[in-house]
Amino acid sequence: MSLNITALTPVFCAEVSGVDLRLPLEDAIFDEIREVLDAYSILIIPGEPLDDDQQVAFSERFGPLERTLGANPASGTAFARQSNLDMKSGDIIPTDDKRMHYQQANMLWHADSSYKPMPSLCSVLSAREVPPDGGATEFASTRAAYESLSDAAKSKIDDAVVEHDIVYSRGLVGFEFPKEIGDANPPARHPLVQTNPVTGRKSVLIGAHAKRIIGWSDDESRAMLDDLLERAAAPENAYSHAWRNGDVVIWDNRAALHRATPYDHTRHRRLMQRTTIGNPAVIETYGAYPAIAEA
Ligand SMILES: [Fe+2]
């Protein structure tokens, strides 16, 4: 088995074929996938749909899997379910149901789990049922955003630390978090500038959960976060993926943002299963960020 890799934009994103993710992968093949992820940030791998066990087995090769928050229908499992289908009955969930409201925040640019003390290395999303149109996922390169900055701007943000907060980001779409879930997920702090330990290339950890830069005024902080987001999402740094049934997409949460786009969720069925891989190396390198003193 050998991989075929096709770059989809000059900046990031590659389609990878020649691998069947339903089968156990030889180490050499997995190592190549890992290397290509570091290089391209987003990998699109077409194939037959995975089942849950196959997805877990593949995802665990990258690192420890996160457990999903209480607000997701798949809470307590390794899966975050992105779907308009009731988990038990399989029926379409009504528009005004809070499960659909919760998912609206997926339409904001974000990095999965940036609000957690251990940020995510990458996410694996597999398409189990896709609508006939709509429902694309868009990606934006936060590596390109960093690289587009002037040297002065780079040095200004070099040591910046950002507070990420899911209560804040869900509030942006008017979703009120149950208090006990909010209390269990206090804001986390991460360096704004991230360095890929393999390639040495830098990126910025931003997106909807990024509430503020610690020690900066509200105006300065918001202006910088908005400017970085605008750079990441500029058309030349972005890519939109139209899903085919069975596609698996892996994204590097350190180097890219993503967002969902609408589909007719009152008429068409959609089921996507996400596994999210933690990045324990960050904790080993930097320690626990909540311990950083407020400037
Ligand atoms: Fe997401």
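Start at 1 with the first residue, then count along the sequence. Worth knowing before you read on, the calculation uses all heavy atoms, side chains too, and leaves out hydrogens, waters and symmetry mates. One-based numbering, in listed order, for ligands and for the atoms of each.
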Problem set entry | Test log, rule side chain to side chain donor-acceptor pair (under 3.5 Å), inputs His110 and His209 | CA-CA 7 Å; His110 65 284; His209 306 308; 5.5 Å; no
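Taking the six-membered ring where the residue is Trp, Phe139 and Trp251 present tilted rings, their angle falling between 30° and 60°. Taking the six-membered ring where the residue is Trp, Phe62 and Phe58 present perpendicular rings, their angle passing 60° and hence far from 30°.
Take the Fe ion (ligand 1) and draw a sphere of radius 2.8 Å; the protein N/O/S atoms inside it number 3.
The six-membered or imidazole ring of Tyr115 lies away from that of Tyr168, with a centre-to-centre distance of 6.0 Å or more.
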Taking distance alone, no hydrogens or angles, what donor-acceptor pairs closer than 3.5 Å link side-chain atoms of residues 177-188 to residues at least two apart or in another chain?
residue : atom : partner : partner atom : Å
Lys179  : NZ   : Asp183  : OD1          : 3.4
Lys179  : NZ   : Asp183  : OD2          : 2.6
Asn185  : ND2  : Ile181  : O            : 2.8

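Note that the OG atom of Ser83 and the CD1 atom of Ile93 stand 6.0 Å from one another [nearest 0.5 Å].
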